[in-house]
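Reading through the structure tokens given below for one structure.
Just so we're on the same page: letters track the sequence lines, and every chain starts at 1.
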Number of protein chains: 4
Amino acid sequence: MNDKKLQIIQAAIKLFGDRDYHTTSVQDIVSLAGVSKGAFYLHFHSKEELLIAVFSYYMDGQSIYLKEIQSNSSLTPREKIINAIQFQCQVIMGDQDFLSMHMKGIAFMNNTVKEMMIDHSMQTVRWMEQQILELYGPEIAVHSFDCANLLNGMLKEYFFYFIVYAHPINSQQLAEYLMNRMDDIAYGIMNKPTSPILYATLICPEQSQAITKETWLQKAHSVKDWIEANTDSTKSTETMVQSMDAIIQEALKEQPNQIIIKGMYNYLISLANGNPGIIEKLTLLFEGQK
Amino acid sequence: MNDKKLQIIQAAIKLFGDRDYHTTSVQDIVSLAGVSKGAFYLHFHSKEELLIAVFSYYMDGQSIYLKEIQSNSSLTPREKIINAIQFQCQVIMGDQDFLSMHMKGIAFMNNTVKEMMIDHSMQTVRWMEQQILELYGPEIAVHSFDCANLLNGMLKEYFFYFIVYAHPINSQQLAEYLMNRMDDIAYGIMNKPTSPILYATLICPEQSQAITKETWLQKAHSVKDWIEANTDSTKSTETMVQSMDAIIQEALKEQPNQIIIKGMYNYLISLANGNPGIIEKLTLLFEGQK
Amino acid sequence: MNDKKLQIIQAAIKLFGDRDYHTTSVQDIVSLAGVSKGAFYLHFHSKEELLIAVFSYYMDGQSIYLKEIQSNSSLTPREKIINAIQFQCQVIMGDQDFLSMHMKGIAFMNNTVKEMMIDHSMQTVRWMEQQILELYGPEIAVHSFDCANLLNGMLKEYFFYFIVYAHPINSQQLAEYLMNRMDDIAYGIMNKPTSPILYATLICPEQSQAITKETWLQKAHSVKDWIEANTDSTKSTETMVQSMDAIIQEALKEQPNQIIIKGMYNYLISLANGNPGIIEKLTLLFEGQK
Amino acid sequence: MNDKKLQIIQAAIKLFGDRDYHTTSVQDIVSLAGVSKGAFYLHFHSKEELLIAVFSYYMDGQSIYLKEIQSNSSLTPREKIINAIQFQCQVIMGDQDFLSMHMKGIAFMNNTVKEMMIDHSMQTVRWMEQQILELYGPEIAVHSFDCANLLNGMLKEYFFYFIVYAHPINSQQLAEYLMNRMDDIAYGIMNKPTSPILYATLICPEQSQAITKETWLQKAHSVKDWIEANTDSTKSTETMVQSMDAIIQEALKEQPNQIIIKGMYNYLISLANGNPGIIEKLTLLFEGQK
DNA sequence: TATGAATGAGCATTCATTCAT
DNA sequence: CATGAATGAATGCTCATTCAT
């Protein structure tokens with residue numbers, strides 16, 4: 001990621017946290033970031049896009065961390081959950097700016113951001129669910145989604161006291177405490193005939209409800225930016241970026257020509273030249289397409 | 001409440017729910033409410049005041065309901081909690097507009113509203129704590145505040161699914177379910193040596209050390225009136241009254257300058273010239289100030 | 001001065017002359033100046049600031065001219081006065097817009113502008129007084145201020161006929177005429193025992209007891225800096241500095257609350273804890289205050 | 001004059017003096033006057049009409065006083081002038097509200113008011129001129145208008161110090177002082193060959209330049225009000241008021257039918273039934289008509 | 001690339017005037 | 001006659017976005 005872009009994002013995080021999105025002007029952001037207004041619009045097409053970038057910045061960090069924990073085979077499921085809780089506590093305590101933004105919940109008028117946050121929440125809760133399943137075994141099965149949400153809800157409540165009353169969080173103690181409460185709940189549920197409340201499959205069937213064109217475009221942009229930032233600036237990088245632009249242009253049309261998009265996708269894959277990061281991103285972006 | 005005022009509040013609730021405070025213009029509100037812009041400012045001094053009115057409108061309703069339940073001696077504590085949960089579910093289901101607003105959490109830039117919401121949250125959780133104490137008896141004591149918050153957090157998570165995914169809530173089922181989880185947690189806590197995380201007394205010592213600015217202002221006014229009424233009408237009385245006015249003016253600001261308030265307090269004490277009545281009043285008024 | 005800024009000022013002069021400040025909208029001004037509304041606020045923070053700029057624009061011109069005349073040793077005092085009268089006539093005839101604005105006297109609601117005009121009037125009259133003193137010698141002494149004002153008043157009356165009835169001014173003839181009237185008056189006064197009416201020293205003792213807010217603020221700042229630099233950096237230093245800031249903030253307001261300033265002064269004295277340096281500085285700063 | 005109307009005018013004088021016309025709202029005025037907004041519009045057709053009424057109220061008072069002095073044969077011309085100066089000082093000192101309004105000079109955007117003020121100034125200065133003529137005899141003749149204006153200008157300058165610096169006016173001393181200055185000037189002028197600057201006849205030929213329809217209508221309204229207020233409420237009063245209304249209606253038309261106006265005027269004179277006040281007013285109103 | 005002056009649509013708020021009661 | 005709730009055009013000001021340099 002470009003240096004200036006990062007500066008801008010960090011300034012935005014600080015300001016969106018202190019005040020909020022609407023009460024922070026682009027001028028405020030560029031002043032704090034020490035860049036010009038022109039430069040801002042060189043990196044972001046709009047203030048809204050910055051907001052999206054800010055969220056991506058954080059969520060990506062969290063998602064990566066959760067994936068790392070999960071693939072760490074030296075941890076037990078219980079340890080993984082505790083670890084994840086502690087991680088979230090650290091984030092909140094270490095980055096109040098963003099946190100206070102995050103606590104503002106789904107407030108951001110912007111639909112893309114709303115969807116991103118909902119997606120991210122769901123991802124996190126599904127992650128929790130996986131660990132819970134592994135921890136308590138198949139007996140918890142139908143309740144695993146409820147449990148993940150109960151745990152999530154309990155955790156957030158403590159965050160509230162940290163933000164609002166500055167009540168300190170001892171993340172290790174809190175993680176253990178909540179894990180114990182999870183145990184109480186899990187064994188309580190398993191020992192009594194209980195009907196679950198939520199079913200993950202009902203809420204997010206097949207893990208991905210129909211994406212809107214808008215969110216797809218946002219993702220396409222972020223893939224493009226990722227390619228730009230994460231490849232050596234060679235000829236093929238440039239070509240890939242241009243190809244992504246062409247795809248975005250096409251997708252923006254009322255009736256995009258699917259054959260162009262498919263063709264360009266194919267071309268991009270060939271340009272990727274086996275680079276697994278790029279291929280993964282592209283695959284994720286295009287697989288849901290119809 | 002005036003007819004038009006209500007129309008305006010209801011339009012605002014709808015629009016603040018759909019978009020949010022900042023993206024809703026006064027014109028939008030009055031157009032939907034079917035009143036003129038002039039009429040708006042006849043009922044509210046500012047857009048901000050409307051926001052406050054909207055929140056009061058809901059919070060007052062909830063507070064009243066909780067008080068009614070509590071004083072209903074024909075209900076057991078368990079029934080009271082279940083009742084309260086069901087009530088909150090009903091509100092949310094019946095008034096998605098407001099709810100989606102509420103879910104925006106403590107997002108509202110406005111400090112008054114933020115304080116109102118925090119106050120209200122605290123009130124609700126303290127109410128829950130009372131019922132929990134009665135329900136599980138003195139053994140739960142040090143844990144009662146944690147329990148109330150855990151219950152609260154779990155409940156909110158289900159609201160999230162209702163709002164975001166329109167997942168239906170069967171309020172009776174959910175209330176029973178959460179009550180059972182509360183049991184699981186409560187008995188789990190009581191059966192294992194457990195350190196509590198939050199102490200109500202730390203957060204809001206003596207039930208509400210966190211005096212609201214509003215009540216403080218009322219007290220300040222009454223002190224001013226007292227001074228006016230109980231001193232000989234000398235030059236210094238007049239100066240004291242003016243000083244109180246200046247303090248009140250300063251305190252009314254969004255971000256009062258503490259140094260002015262301290263300085264003026266000091267000045268008042270010097271003007272009091274040893275008069276014990278005045279000094280006592282002033283000390284009581286200012287001792288909680290930081 | 002920036003090109004656009006000048007365009008705006010000139011448009012404003014025209015419009016403020018035609019109608020007046022209140023009935024001229026910012027839109028009117030920018031339309032005439034041929035700039036956008038945004039550009040206006042790029043150059044002026046508010047409409048009020050423009051008004052101030054407009055007055056400064058003219059007054060500065062006059063002040064500079066008067067200084068030039070005065071230091072021109074090739075002119076006799078009589079010639080200087082005649083020159084100044086002619087200059088004022090030229091200004092008025094050349095710039096009816098501004099003149100008609102100026103004739104509106106101290107009407108402009110704005111306190112800053114009012115003070116500026118009064119200051120400027122006083123400066124002009126004091127300038128006249130100097131020349132009169134030189135012209136008629138020490139015998140006129142106690143009457144010089146009255147004379148300057150009489151001359152001033154007579155002159156203005158002719159401006160009135162120019163503005164209202166477009167009665168042409170022959171500036172040379174008028175200057176000579178008024179100079180003769182001044183002679184009549186001066187010799188009349190000196191030849192008869194006469195008590196003066198106005199004493200400059202009563203109205204602006206020591207040439208400017210009527211300290212402007214601006215200079216007072218400068219002094220306040222320097223006292224603050226002195227405190228900061230000359231005390232041990234203790235808690236009370238910090239509090240004193242904050243108190244000075246609060247006072248300055250208050251003084252900056254259109255209508256400072258005197259009670260706050262008095263109160264804070266009292267507080268500062270108590271914080272000074274007998275330190276003679278601080279007390280002296282504070283006393284000097286505040287003793288002129290009413 | 002109606003009671004409420006007076007209350008409103010007095011409230012307006014106070015407020016227009018404190019702030020100014022534009023920054024005083026109708027609401028402010030009716031609140032201070034203790035009448036309803038509806039009542040305001042019952043007495044005045046617009047805020048502007050009130051402004052006119054306020055000025056008339058004062059100017060009429062002054063005009064009447066000047067007439068009284070003039071016809072008081074026990075006073076010498078010198079005494080008359082001194083008397084008039086003293087009177088003006090009294091007015092200013094006694095009624096700062098209005099004065100501060102008056103000092104705002106010809107600021108009032110409103111053309112009718114501007115014309116009224118100019119008319120009034122001219123009347124006053126012509127009055128002065130008369131006395132000066134009588135005082136200094138035919139020798140002053142061509143200079144009398146200049147002299148009247150010089151005196152006027154000098155006087156106003158002292159008012160300035162009263163208003164701005166609250167410099168007290170000793171009206172007797174000031175009147176004598178200015179009279180002496182007038183003597184200095186008059187004898188100075190008469191003893192030296194001097195060309196006058198202003199000629200009254202050039203400026204206001206035949207005492208009345210073309211009246212605008214607007215000012216005529218204002219006068220018509222005030223005549224109507226005067227009739228309403230100053231006659232017994234008999235049948236004929238009502239008829240006269242209705243007749244005035246009819247005339248005003250006619251005059252408001254693009255092309256008023258002169259025959260109607262003449263006829264109604266004739267009718268009014270007959271209704272006046274010899275009442276000299278009414279006849280004078282009507283004559284004054286209609287004599288300039290073409 | 002980078003800048004920041006320029007744009008103008010949009011906003012909250014005010015207030016003279018009207019009119020149903 | 002009297003009221004004051006209602007109206008809506010008009011105003012000062014902000015700020016996301018553009019673009020000449």
All ring pair (Phe, Tyr, Trp, His ring centres under 6.0 Å) counterparts of His45(A), not counting sequence neighbours
His221(A)

Taking the nucleotide of DNA chain E with the nearest heavy atom to each, does Ser46(B) or Phe40(C) sit closer to the 5' end?
Phe40(C)

Donor-acceptor check, side chain of Thr23(D) to backbone of Arg19(D), threshold 3.5 angstrom: yes or no?
no

Pairing string of DNA chain E (Watson-Crick or G-U wobble, both atom distances under 3.5 Å; | = paired to other strand) is .||||||||||||||||||||

Walk along DNA chain F from 5' to 3' and tell me the first and last nucleotide with an atom closer than 4.0 Å to a non-hydrogen atom of chain D.
dC1(F) to dA6(F)

Nearest-nucleotide wise, let me know which of Lys47(C) and Gly34(D) is further upstream toward the 5' end of DNA chain F.
Gly34(D)

In this structure, how many angstroms lie between the P atom of dG10(E) and the CZ atom of Arg19(B), rounded?
13 Å

Ring-face cation of Lys47(B) near Tyr21(B) (centre distance under 6.0 Å, axis angle within 45°):
yes

Looking at every non-hydrogen atom in both residues, tell me the closest pair between Val30(D) and Ser36(D) and how far apart they are.
CG1-O, 3.9 Å

Roughly, in whole Å, what's the span from CG in Leu42(A) to C1' in dG4(E)?
14 Å

Answer yes or no: is there a donor N or O on one side and an acceptor on the other, between the side chain of Ser31(A) and the main chain of Gln27(A), under 3.5 Å?
yes

If you assign Tyr41(D) and Ala39(C) each to the DNA chain E nucleotide with the nearest heavy atom, which residue ends up on the more 5' nucleotide?
Ala39(C)

Could you pull out all residues at least two apart from Ser25(B) that satisfy side-chain hydrogen bond (donor to acceptor under 3.5 Å, both in side chains)?
Asp28(B)

Any side-chain N or O of Lys37(A) under 4.0 Å from OP1/OP2 of dG4(E)?
no

Leu50(D) versus Ile8(D), closest heavy-atom pair with distance
CD1-CG2, 3.9 Å

Please report the distance, rounded to the nearest Å, between CD1 in Ile8(A) and P in dA2(E).
10 Å

Residues from residues 25-33 of chain A lying under 4.0 Å of DNA chain F - heavy atoms
Ser25(A), Val26(A)

Could you give the NE2-to-P distance, from His22(D) to dC15(E), as a whole number of Å?
12 Å

Specify the separation, in whole Å, of atom NE2 of His43(A) and atom C1' of dA2(E).
9 Å

Residue list, ring pair (Phe, Tyr, Trp, His ring centres under 6.0 Å) with Tyr41(D), at least two apart or on another chain
none

Calculate, to the nearest 0.5 Å, the distance between atoms CZ and CD belonging to Phe40(C) and Gln7(C) respectively.
13.5 Å

For the residue pair His43(B) and Glu49(B), what are the closest heavy atoms and their distance?
O-OE2, 4.1 Å

Can you measure from CD1 (Ile9(B)) to CZ (Phe44(B)) and round to the nearest 0.5 angstrom?
4.5 Å

Mind calculating the distance between CG (Leu15(B)) and P (dC11(E)) to the nearest angstrom?
13 Å

Sugar-phosphate only, base, or nothing, as touched by His45(A) at under 4.0 Å among non-hydrogen atoms
nothing

